[in-house]
Peer 1: 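My questions all concern the structure below.
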Amino acid sequence: MKETEVAVSGTTTAASTAPNTEMDKRFDPAAYEQVWQRRWAEKEYFRAEAPAERPSFCIMIPPPNVTGKLHVGHALQSTLQDLLTRWRRMQGYNALWLPGTDHAGIATQLMVERQLESEGTSRREIGRERFLERMWQWKQEYHGNIRRQLDLLGASCDWTRERFTLDAGLSRAVREAFVRLYREGLITRGEYMVNWSPKLGTAVSDLEVEARTVQGKLYHVAYDVEGGEGSGERIVVATTRPETMLGDTAVALHPEDERYAHLHGKAAILPLVGRRLPFVADEMVDREFGTGLVKITPFHDPNDFEMGKRHDLPGISVIGPDGRMTAEAGPDFAGLDRFEARRKVVERLREEGYLVKVEEHTHNVGHSQRSGEPIEPLVSTQWFCDMTSMAAGALAAVRDGHTELVPDSWDKTWEHWLTNIRPWCISRQLWWGHQIPAWYTEDGRCFVAHSAEEAAGEAGTDRLTQDPDVLDTWFSSALWPFSTLGWPDDTPDLRTFYPTDVMVTGFDILFFWVARMVMTGLHFTGEVPFRKVHLTGLVRDAEGQKMSKTKGNVLDPTELVSEYGADALRFTLASLDSPGRDIPLNPNQIAGYRAFGNKIWNAARFALSRIPEGARVRESIDPAGLAAPERWILSRLSRVAMEVNEQLEIFRFDEACNRLYHFFWGDFCDWYLELSKPALFGDAPRPRVGDVLLTVLDRALRLLHPVMPFLTEELWQRLPGHEAIHPETICLAPYPRREEAWEDAAVEAGMEALTQVVTRVRALRTEMSLSPKAKLDLHLQPADARIGGLLQEQAPLLRFLARVETAAVGPVPEGARRDLVAGVEIGVAVEKAEMGAEERGRLAKELEKLDAEIGRAEARLSNADFLGKAPAHVVEGGRARLAEMRERQAALRASLGLA
RNA sequence: AGGCCCAUAGCUCAGUUGGUUAGAGCGCUACGUUGACAUCGUAGAGGUCAGCGGUUCAAGUCCGCUUGGGCCUACCA
């Protein structure tokens with residue numbers, strides 16, 4: 001594997017460490033992302049401890065398949081897992097995000113088989129041993145890719161604890177689990193009907209069968225009734241698979257079907273073959289469907305298999321594991337592919353006059369999820385795991401809340417699936433996987449053991465052959481949360497991190513994987529494997545279409561990272577993760593969040609270039625003695641810190657990102673940085689502006705770090721005084737919390753009024769079609785005296801932000817353009833205040849709407865029921881709003897020159 | 001066949017226990033090169049919250065039905 005060397009020397013590194021280096025106006029994620037990832041890895045910041053004094057937090061990665069590269073779905077899930085891990089790590093938890101990969105049985109084997117095919121050979125040809133060597137080569141290569149891709153995304157995994165489902169430790173766990181379940185009688189070997197995939201040459205589990213609706217045909221076939229040769233009585237059965245009739249051994253009818261009452265005890269004669277088929281009565285027959293008579297093929301249909309057992313019917317295998325007709329199908333059909341056989345059987349039936357009619361028929365047919373062909377139900381000897389007792393535990397775990405599904409809309413599906421669970425066919429006729437720990441003696445006795453030696457000991461002979469089959473890949477995945485921590489040994493890791501905290505994965509593997517982990521976790525450890533499951537939606541393209549190679553709309557996370565930067569991609573994915581919804585990923589949106597990154601970059605650049613000498617990041621700041629803008633931004637910061645923590649607790653990544661975005665862009669950049677300018681430039685100095693600015697920036701970066709790890713580290717390192725927060729890295733700096741001492745409702749109200757006044761004045765300028773340079777005098781008359789005081793005090797800031805000549809608190813003079821916002825009456829006096837027709841029209845329209853609304857509000861506020869039943873704050877709010885509207889109405893009428 | 005979810009601005013989506021004027025991003029329009037940022041700034045237009053009915057003083061939010069879309073689970077030959 002070619003290793004791309006990253007320049008760790010030169011300007012990029014210097015930029016990352018030296019606070020006073022010139023910052024480029026354009027931010028360039030590529031210049032620092034990989035540098036930081038590498039440094040974090042070298043310093044082992046993400047290595048968790050066991051045992052640990054601190055509380056632990058643990059997430060197990062859903063191990064990506066070693067089949068190829070990561071897709072955007074992985075990027076989404078990795079982002080969320082990393083976000084949670086970084087957040088908890090900063091909160092002081094002993095946080096572990098354990099990485100790893102899955103051998104992915106069939107999927108990977110197919111890739112290598114395809115490779116062999118292109119080399120003109122096959123696995124049979126090179127043999128099991130050499131094939132497995134090739135498999136391991138493949139694994140090495142792709143495993144490296146996955147690590148690289150996770151690094152690109154900024155994943156803070158503890159790579160010292162990396163696991164692979166086929167490594168020694170996990171293989172031991174698999175054998176242990178198998179042996180225990182076998183000894184408990186839950187794993188058995190037997191001959192049953194299984195879902196067989198002829199192309200793959202293996203059995204698959206029910207979950208690997210995908211029902212597809214296909215347009216098929218319903219063939220009505222006449223069978224002669226035995227003894228009716230003279231009378232010529234015939235019955236008609238309906239089938240969608242005429243080729244299976246060659247294996248028929250009975251005809252079923254409903255016990256109470258009067259039409260066929262006379263057939264009880266009789267038999268039919270199978271056309272083309274001549275076999276005698278007894279009639280059996282079974283309630284499962286639907287009298288309404290077809291003719292009410294069903295041909296029974298016990299070895300090629302799951303229902304018929306059951307019925308065969310109930311009525312003790314023999315079965316005949318007419319279709320083999322290769323999907324071709326067997327010798328038992330008779331010389332005319334033996335060797336034919338099952339679909340060819342169907343054509344030929346139909347042809348022969350037609351020729352011989354047994355085909356009554358053919359109807360179009362839409363029905364569901366099970367297809368192999370992996371190979372796409374129709375599944376062939378076959379009787380075969382396989383290993384099965386009885387899940388019913390384990391399912392009961394998993395049901396209880398969700399009902400009792402020991403494991404919580406988020407969103408909980410999946411609870412019902414969980415309930416339904418687990419209450420109807422059937423035995424799990426766990427053996428696969430493959431080579432890539434955990435070989436089944438069962439050994440057979442020459443006389444066919446079976447010994448299940450941890451090793452060949454143990455089996456030999458039990459068998460009393462070492463002339464043993466191990467079962468050639470391997471386990472379903474999901475068997476090892478089912479043990480993942482504890483096998484990765486050293487189970488079956490009682491290791492410090494297991495004691496420290498188990499049960500884990502969260503499982504982040506897609507709902508598509510809820511049953512394949514999540515349910516099975518809960519079942520085995522409870523069974524083997526007595527505890528749920530994770531306390532919460534966050535189920536993500538499916539990442540779709542910008543039009544909401546599923547991504548698929550054939551549609552060509554697949555987005556590659558690696559490309560997205562190189563185009564927009566990992567931080568922008570992460571922010572986008574996190575902010576789109578709303579509960580229970582799929583995720584439409586639009587590159588425009590990623591570009592939007594890259595712009596956010598640029599905004600952060602430039603805000604930091606501005607702060608660093610303008611702060612006074614000696615200003616530093618402070619661990620804490622006493623708001624006493626600070627001016628209103630500083631007290632305001634600290635108060636806002638405290639609230640956003642509180643909200644972000646709250647939202648992350650409940651996995652509302654979208655909401656957390658939203659708060660961060662609006663705080664940084666809106667409160668901090670749009671308002672606070674602007675408000676800080678007069679102070680920073682010496683026009684109107686304020687106490688400790690530099691310290692506040694840096695401290696707010698520091699905390700904002702820390703709040704953002706779990707979502708945008710690279711950019712925040714890069715900038716944070718440049719803040720003077722950041723070492724006081726953490727000597728080395730933002731990754732380990734404390735995650736900001738609410739600071740109640742900073743919260744100040746009065747200042748927030750006052751500053752809210754100030755910003756709204758400024759916005760309103762800007763709007764008035766537009767409304768009055770005034771040039772941005774037109775000279776205005778602003779008069780303010782707030783209803784609340786405290787707000788008045790603040791506005792008075794901040795008049796220079798008002799002048800600066802609203803770009804007015806004068807700003808005064810006091811009565812609004814005659815002739816000024818009036819307005820009202822946030823309880824402040826505004827008067828804008830301008831020399832030429834004549835109103836244009838356009839403006840007049842706009843105001844008239846507004847007045848019209850306002851009149852209607854006032855009418856509605858008045859009606860409501862005079863409604864006795866409303867006054868009696870609505871909570872006080874709603875009524876008061878309504879009154880205040882009405883008063884405001886009336887004032888606005890008066891102002892509008894005055895402006896329009898109405899009485 | 002059963003179950004679940006969704007329908008809100010041109011697009012993609014928020015809207016937590018019903019409660020004051022339904023929000024964001026992108027896109028669009030106008031203006032703007034003001035001491036960090038044109039990956040920018042300021043302002044603006046744009047919504048009968050799919051439809052119908054019900055509960056309530058009050059419904060995007062709760063209930064029922066209809067329509068349209070998506071998904072999960074299923075052994076009707």
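In the text below, chain A, chain B and the rest are named by the order of the sequence lines, each starting its count at 1.
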Peer 1: Contact class for Glu646(A) (heavy atom, under 4.0 Å): base, sugar-phosphate, or nothing?
Peer 2: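 Answer is nothing: Glu646(A) stays at 4.0 Å or more from every strand.
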Peer 1: Mind checking Ser609(A) for me? I need base, sugar-phosphate or nothing, with any heavy atom below 4.0 Å counting as a touch.
Peer 2: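 Result for Ser609(A) = nothing.
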Peer 1: Nearest-nucleotide wise, let me know which of Glu674(A) and Leu293(A) is further upstream toward the 5' end of RNA chain B.
Peer 2: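 The residue whose closest nucleotide sits nearer the 5' end is Glu674(A).
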Peer 1: Quick one: label Pro871(A) by what it contacts on the DNA or RNA (base, sugar-phosphate, nothing), any heavy atom closer than 4.0 Å.
Peer 2: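 Here Pro871(A) touches the bases of the nucleic acid.
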Peer 1: Touch check for Glu655(A), heavy atoms < 4.0 angstrom, all strands: base, sugar-phosphate only, or nothing?
Peer 2: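 Result for Glu655(A) = sugar-phosphate.
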Peer 1: Thinking salt bridges, do Asp819(A) and Arg760(A) make one under a 4.0 Å N-O criterion?
Peer 2: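 Yes, Asp819(A) and Arg760(A) are salt-bridged.
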Peer 1: Think Lys25(A) has a side-chain N or O under 4.0 angstrom from the OP1 or OP2 of C37(B)?
Peer 2: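 Yes, because at least one side-chain N or O of Lys25(A) sits under 4.0 Å from OP1 or OP2 of C37(B).
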Peer 1: Could you check whether the side chain of Arg881(A) and the base of U21(B) have a donor-acceptor pair of N or O atoms closer than 3.5 Å, going by distance alone?
Peer 2: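 Between U21(B) and Arg881(A), which were checked side chain against base, a qualifying N/O pair under 3.5 Å is present.
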Peer 1: When we call it a touch if two heavy atoms are under 4.0 Å apart, what does Arg241(A) touch: a base, just sugar-phosphate, or nothing?
Peer 2: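 No contact.
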Peer 1: Reckon Asp508(A) touches a base, only the sugar-phosphate, or nothing at all at heavy-atom distances under 4.0 Å?
Peer 2: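 No contact at all - Asp508(A) keeps every heavy atom at 4.0 Å or more from the nucleic acid.
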Peer 1: Mind checking Trp665(A) for me? I need base, sugar-phosphate or nothing, with any heavy atom below 4.0 Å counting as a touch.
Peer 2: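 Sugar-phosphate, backbone atoms only, no base.
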Peer 1: Just checking Arg765(A): base, sugar-phosphate only, or nothing, at a heavy-atom cut-off of under 4.0 Å?
Peer 2: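 If one applies the 4.0 Å heavy-atom cut-off, Arg765(A) turns out to touch nothing in the nucleic acid.
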Peer 1: I want to verify a distance call: between A36(B), G41(B), C57(B), whose nearest atom is closest to the Asn863(A) side chain?
Peer 2: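 When the side chain of Asn863(A) is considered, C57(B) is the closest of A36(B), G41(B), C57(B).
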Peer 1: Among the candidates C57(B), U21(B), A77(B), find the nucleotide nearest to the side-chain atoms of Asp865(A).
Peer 2: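 Of the candidates, C57(B) comes closest.
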Peer 1: Using a 4.0 Å heavy-atom cut-off, does Ser575(A) contact any base of the nucleic acid, only the sugar-phosphate backbone, or nothing at all?
Peer 2: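 Here Ser575(A) touches no strand at all.
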Peer 1: Ignoring the backbone of Ala763(A), work out which of U39(B), G44(B), C57(B) is nearest its side chain.
Peer 2: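 Of the options given, the side chain of Ala763(A) lies nearest G44(B).
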Peer 1: Any donor-acceptor pair, under 3.5 Å, between the side chain of Asn658(A) and the base of G23(B), if you only look at N and O atoms?
Peer 2: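 Side chain to base: no pair present.
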Peer 1: Between Lys869(A) and G19(B), does any side-chain N or O lie under 4.0 Å from OP1 or OP2?
Peer 2: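 For Lys869(A), the contact criterion (side-chain N or O under 4.0 Å from OP1 or OP2 of G19(B)) is not met.
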Peer 1: Show me, range against range, the stems involving RNA chain B, built from at least 3 consecutive Watson-Crick or G-U pairs below 3.5 Å.
Peer 2: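 As far as RNA chain B goes, consecutive pairing (with distances under 3.5 Å) yields the stems B:1-7 with B:67-73, B:10-13 with B:23-26, B:28-32 with B:40-44, B:50-54 with B:62-66.
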Peer 1: Ignoring hydrogens and geometry beyond distance, is the side chain of Arg879(A) in donor-acceptor contact with the base of U20(B) at under 3.5 Å?
Peer 2: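 Flag unset: no donor-acceptor pair detected.
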Peer 1: Base, sugar-phosphate or nothing for Arg287(A)? Non-hydrogen atoms, less than 4.0 Å.
Peer 2: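 Nothing, no nucleic acid heavy atom in range.
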Peer 1: Lys849(A) or Tyr661(A): which one's nearest nucleotide on RNA chain B is closer to the 5' end?
Peer 2: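 The answer here is Tyr661(A).
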Peer 1: Heavy atoms under 4.0 Å, any strand shown: does Glu853(A) hit a base, just sugar-phosphate, or nothing?
Peer 2: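 Sugar-phosphate contact only.
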Peer 1: With sugar-phosphate meaning primed atoms plus P, OP1 and OP2, does Pro584(A) contact a base, only sugar-phosphate, or nothing at under 4.0 Å between heavy atoms?
Peer 2: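 Contact class for Pro584(A): sugar-phosphate only.
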Peer 1: Among A77(B), C75(B), G19(B), which nucleotide has an atom closest to any side-chain atom of Val294(A)?
Peer 2: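 Nearest listed nucleotide: A77(B).
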Peer 1: State, to 0.1 Å, how close Pro377(A) and Met193(A) come at their nearest heavy-atom pair, and which atoms those are.
Peer 2: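 For Pro377(A) and Met193(A), the tightest heavy-atom pair comes out as CB-SD, 3.7 Å.
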Peer 1: Please state how far atom CZ in Arg212(A) lies from atom P in C71(B), giving the value in whole angstrom units.
Peer 2: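 Whole-Å distance recorded here is 14 Å.
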